[in-house]
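Both ligands and their constituent atoms are indexed starting at 1 by order of listing.
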Amino acid sequence: MTRRNIEYFGWLTAALLMALAASWTDLGLQLDNSAYDWIFRHYRPADWEPQSAVLALDDESVKAYQGVRGLRDALVDSLELVAKAAPRAVAIDVMLAEPGAPETDARLEAALRRIPNVVLPCDLQADGKAWEDPIDRFRRLAAGLGHVHAEPDPVSREILLQKVAARDRRWALALEAYRAGRGARILETPHDLEVAGAAIPAALRKDRALRIRYRPPDRAIPRVGLQQLKADPARTAGFTGKTVFIGATGQIIARDRLQTPYTENHVPMAGVEIHASVFETIAQRLFLSDVPVSLTVLLCAVVVALAGVIFAFLPGWRAYAAAAALLVAAQSAPYLFFTHSLVLPFLSPTLAAWLGISTAATYQHFIVRRRMLKAEGDRHRYQQAMHFVTHEMRTPLTAIQGSSELIGRYNLNEDKRKQIAELIHSESKRLGKMIEIFLSVERLSAGQVELKKEPFDGLALMSACIGRVQPLAERKRISISLQPDFEAPLHGDRELMDYAFYNLLTNAVKYSPPGTAVSVFSRRDGPHLRIAVQDQGIGMDHKEVRQIFQKFYRTKRAEASGETGTGIGLSIVEQIVTQHGGSIEVASSPGQGSCFTLVLPAATVTAD
Ligand code: ADP
């Protein structure tokens, strides 16, 4: 994997982590719930024949029985009517924790005896530490007790099928009614509950929470008010074979009304209807399971990875089209999952898509830009290399061409011929050396060849270079002095080091006005050997100094001086010195002169 790929991978991972972190905040969970409710309202499951019915103690009935006080009488009348219809089971959502009027209670007891499979309600006491159960005379007659505790947040999306108070575990009213109606037992595993063949996916670690599958409002569970039933007793036929839920539904007894995903802006639903809905969920096996967190994370990772792949491999608009498709897919995934009874959070895949796509797109945009800049840089370098070839190499080539022409065209005497032959020889050697140095430094910096390692005397090398520069210096009346304070034993590639010294010296002479002085000195400085070439020439400012080691860079002052040059020498010098484990320091100011110092480490100083 290249460094750039690792960087890309790192950014995408950060996008994924951000998406996951954001979706686990309170706000994220709220958004997930809102999306869940939206999906609930927009997806219509296949219709089914309800196995339950609600006998509603609605406002009309409660009023007819003189309000809350008459509720137990209303319940007794309801039970007497229901008894005639032979229901499968009856679940009562009217608290019977206190004794009522003796006559009413006696009638209630008689009614309870007549109906098989009656489930009575229990609720947590106000402090939540104990159960509030029906009084004993009723409780004895019940097929079971079920808790009527709903967990609104504030929307009732799920119910805890089990609740524990004072180590006493109670099943939810609807579950208990289902069990009683089938005369079955509830079998428990850590992952689900099994009743009469129905495996209910309510895990213990989630307190046996079960998502409630409500029926759409236009297909609500059949419901009839007590007063309506009394006016038209034939309607009791609707209860035959069904599990009947009896409870208050009106505004008068409001404590029991909750919001559901369907009732966003509408009237809340009565508790008894919520219990009936839980019953339908179980009876019809319409269970909604949460997608495991690990799978959600995996899905988000896939979404981010796809975003990464899209922008890495698809060009231009195709990438954006594919990204838009990915976004739509990620956003509609929760709905598609819901149609398969799976609940996938909305926010995490959506955020993963948005963040993944924007990260990938931004990153690739910058890569493309970087590549473009690099291509421009390459072109620039190529042009300058051509410049180097045409200028630097043309001089010796012209000399060779001219001289060879002279030999061919004229009848020259032996001396002249010898002189020209020598010139051709030296110029072609110079050309060959230039090419060799240029290539070997390029190869060296590309890591293709190894540096030669031999001991040599740095001072002797410097003197030889001064000797070679002397004719040029003399022409400009520039004096060159060598002030060593001790010997300079070096270890490395003699030929390359020669090039470096020579280049610094020729630059000092080239960029100095006539009549000035160039001094070379070397000095031991701790573990280093410092060899400096100082001139009194045109100098450079700070900005220029920073650029002179770039290939083909020349200062304006150098261009204006009329001295020929290619701007490649110092870049080669720097590479040679770096390859030897050293560095170059430059001190310069315009018009004052420059001092180039080679700092070579002690390791290269000691000859072996
Ligand atoms: P060249 O001399 O062929 O232009 P170099 O790579 O050797 O190329 O130098 C790069 C540039 O650095 C020169 O063009 C010049 O502008 C500047 N430079 C180098 N040495 C000196 C110096 N001694 N004094 C002033 N400027 C210098």
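Between F311 and Y320, the ring center distance clears the sub-6.0 Å criterion. Proximity of the aromatic rings of F346 and Y36 is defined here by a centroid distance below 6.0 angstrom, and this criterion is not met.
Shown in contact with S594 at under 4.0 Å from a heavy atom are these atoms of ligand 1, numbered in order with element: 22 (C), 24 (N), 25 (C). For ligand 1, the atoms sitting less than 4.0 Å from at least one non-hydrogen atom of K510 are 1 (P), 2 (O), 3 (O), numbered in the order shown with element in parentheses. Shown in contact with A558 at under 4.0 Å from a heavy atom are these atoms of ligand 1, numbered in order with element: 14 (O), 15 (C), 16 (O). The N503 neighbourhood of ligand 1 comprises atoms 7 (O), with distances under 4.0 Å to a heavy atom of that residue.
Comparing F596, Y511, F549 by heavy-atom distance to atom 25 (C) of ligand 1, the nearest is Y511.
A salt bridge does not link D541 to R546: none of the charged nitrogens lies less than 4.0 Å from a carboxylate oxygen. A salt bridge between K556 and E544 is absent, with no side-chain N of the basic residue lying under 4.0 Å from a carboxylate O of the acidic one. By the 4.0 Å N-to-carboxylate-O rule, D192 lies too far from R208 to be salt-bridged with it. Of the charged side-chain nitrogens involved, none lies within less than 4.0 Å of a carboxylate oxygen, so that E422 and K416 do not count as a salt-bridged pair.
By the criterion of a heavy-atom distance under 4.0 Å, neither the backbone nor the side chain of E563 is placed next to ligand 1. Only backbone heavy atoms of Y553 (N, CA, C or O) come within less than 4.0 Å of ligand 1; its side chain stays farther off. With a 4.0 Å cut-off on non-hydrogen atoms, V573 does not touch ligand 1 at all.
At least one N or O atom of N507 sits closer than 3.5 Å to an N or O atom of ligand 1. Distances between N or O atoms of L570 and those of ligand 1 include at least one value under 3.5 Å. Polar contact check, G569 against ligand 1: a nitrogen or oxygen pair lies under 3.5 Å apart. The shortest N/O to N/O separation between G567 and ligand 1 falls below 3.5 Å.
If you take CD on E474 and OG on S479, they are separated by 11.0 Å, rounding to the nearest 0.5 Å.
The minimum heavy-atom distance between L20 and S348, with the atom names listed, is CD2-CB, 4.3 Å.
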